[in-house]
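Presented below is the structure to which this report refers.
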Amino acid sequence: MKNRKWLSYPYILWMTLFIIIPLLMIIYYGVTTKSGSFTLDNLAFITDPINRNALWLSIKLSVVSTLVCLILAYPLALILNNMKLKNNSFIILIFILPMWMNFLLRTIAWQNILEKTGVLNTILRFLHLPTLELINTPAAIVFGMVYNFLPFMILPIYNVLIKISDDTINAARDLGANSFQTFLKIILPLSFPGIISGITMVFVPSLTTFVISTILGGSKIVLIGNVIEQQFKMINNWHTGSGLSLVLMVFILISMAILAKYDKEAEGTSVW
């Protein structure tokens, strides 16, 4: 057992170099000025109307995309579970295959589909139907979020559903429960840990994304991730960017804590 402890050292080193040290740097820059003195002005910069609106829009679009992913993913996970295939790895591969493609390329592909002269409007013109103005709108950003993060909702729910014993479902039906009652009182409660994990895995990257909003939203849609990116890359103000990052981190921790409160049985979702 003592020798096995050495196996954890590479991970500890990796975590220290790429998680703990960068996090400490963000905290340091977030609460100091360029001269090194302590300040909370960097955090208070979130109250600026532009930043406040960007944060609110980020939360709103993240909630919408998470709900859409949940509505799409749960029936798909149920269908996969009910197929009862001996080897369903190929079906699972189909769902995770888009994740093997570069994230940036997947998003650019949606830009080519949704733009005014893109694939979608070309098909609509061919069918003599009205074209759609989707690019550079919140709807386009939601499309991109759902497409990129949907597998992160499907897999946790599916992994929980396949662990539900058929004996449990059969016992409920033997006691007189119909299909709807069985789903509502047995399947849904038992799959709740997977739902919570999926919501967390979709909501957090949706809230912090800036690539999707940059490509599909253009300069018209600004999310809090874009504001932070501009502070670091364009304005070269690490202090303000770090302060906004800390505020965003607080929102993420609060959301994870709320989700963990309703998921007492799930493993690895508690943040306290």
Side-chain angles (χ1 to χ4, degrees), residues 1 4 7-8 11 61-103 106 110 142-209 212 252-272:
M1 294 296 294
R4 292 182 180 180
L7 297 176
S8 64
Y11 172 74
L61 295 184
S62 299
V63 171
V64 171
S65 62
T66 302
L67 290 176
V68 173
C69 284
L70 179 59
I71 293 172
L72 294 176
Y74 201 94
L76 287 172
L78 281 174
I79 293 172
L80 285 175
N81 183 53
N82 293 333
M83 291 175 68
K84 301 297 183 183
L85 298 177
K86 293 183 179 179
N87 186 5
N88 53 8
S89 57
F90 178 74
I91 303 297
I92 302 298
L93 177 64
I94 294 176
F95 286 99
I96 66 175
L97 189 60
M99 299 171 59
W100 292 4
M101 187 184 299
N102 183 272
F103 179 87
R106 297 200 306 265
W110 269 104
V142 171
F143 271 116
M145 289 180 177
V146 171
Y147 175 75
N148 282 295
F149 303 135
L150 182 60
F152 296 112
M153 183 71 76
I154 296 176
L155 295 180
I157 296 176
Y158 172 74
N159 288 333
V160 172
L161 289 175
I162 61 176
K163 296 178 182 178
I164 300 177
S165 174
D166 292 337
D167 295 336
T168 304
I169 298 176
N170 293 332
R173 291 176 177 171
D174 290 340
L175 293 173
N178 56 36
S179 298
F180 178 75
Q181 292 173 327
T182 301
F183 169 77
L184 191 63
K185 296 184 178 181
I186 302 298
I187 298 177
L188 183 60
L190 291 178
S191 63
F192 200 67
I195 295 175
I196 295 298
S197 298
I199 291 175
T200 303
M201 295 176 66
V202 172
F203 179 77
V204 172
S206 297
L207 183 61
T208 58
T209 186
I212 296 176
I252 294 173
L253 291 175
I254 291 174
S255 65
M256 293 179 66
I258 294 174
L259 292 172
K261 180 180 179 180
Y262 294 97
D263 184 28
K264 300 296 185 180
E265 297 181 358
E267 297 180 359
T269 56
S270 178
V271 296
W272 309 120

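What you see is a predicted model, and the numbers here were worked out from it, not measured in a lab.
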Point to revise | Chi angles and distances behind the side-chain contact (heavy atoms from CB on, under 4.5 Å) call for Ile157, Leu70 | key: CA-CA 9 Å; Ile157 296 176; Leu70 179 59; 4.0 Å; yes
Review point. Nearest heavy-atom pair of Met101 and Arg106: which atoms, and what distance?
Key: O-NH1, 2.6 Å
Study note, to complete from the structure: Note: Pro156 and Met201 closest approach over all heavy atoms is CG-SD, 3.8 Å
Review point. If only atom types and distance count, is the side chain of Asn81 paired as donor or acceptor with the main-chain N or O of Ala77 below 3.5 Å?
Key: no
Practice item. Heavy atoms only: give me the nearest Asn148-Pro151 pair and the separation to one decimal. Key: O-CD, 3.9 Å
Review point. Okay, side chain of Thr66, backbone of Ile199: is any donor-acceptor separation there less than 3.5 Å?
Key: no
Check your understanding: Less than 4.5 Å apart, any side-chain heavy atom of Phe143 and any of Ile212?
Key -> no
Exercise for review: Determine the sole option in Ile252, Ile254, Leu259 for which the side chain to side chain contact (heavy atoms under 4.5 Å, CB included) test with Met256 is passed.
Suggested key: Ile252
**Study point:** Student check: side-chain heavy atoms of Tyr74 and Ser191 closer than 4.5 Å
**Key:** yes
Review point. Which atoms form the tightest heavy-atom contact between Met153 and Ala73, and what is the distance?
Key: CG-CB, 3.3 Å
Check your understanding: Distance from Leu72 atom CG to Leu76 atom CG, nearest 0.5 Å?
Key -> 7.0 Å
Check your understanding: How long is the gap from CG on Leu175 to OG1 on Thr182, to the nearest 0.5 Å?
Key -> 9.5 Å
**Study point:** Check: Leu190 and Val160 side chains under 4.5 Å, non-hydrogen atoms
**Key:** no
Check your understanding: Going from OH on Tyr158 to NZ on Lys163, what distance comes out if it is rounded to the nearest 0.5 angstrom?
Key -> 11.5 Å
Study note, to complete from the structure: To the nearest 0.5 Å, atom CD1 of Ile169 lies from atom OG of Ser179 at 10.0 Å
Review point. About how many Å separate OG of Ser197 and CG of Asn159, when rounded to the nearest 0.5 Å?
Key: 9.5 Å
Point to revise | Pairwise distance CG(Leu150) to OG(Ser65) - rounded to 0.5 angstrom | key: 11.0 Å
Check your understanding: Is any side-chain heavy atom of Ile71 closer than 4.5 Å to a side-chain heavy atom of Val68?
Key -> no
Practice item. Could you go through the side-chain contact (heavy atoms from CB on, under 4.5 Å) check for Leu188 and Ile195 one step at a time? Key: CA-CA 9 Å; Leu188 183 60; Ile195 295 175; 3.9 Å; yes
Review point. Can Leu78 and Ile187 be said to form a side-chain contact (heavy atoms from CB on, under 4.5 Å), step by step?
Key: CA-CA 10 Å; Leu78 281 174; Ile187 298 177; 4.2 Å; yes
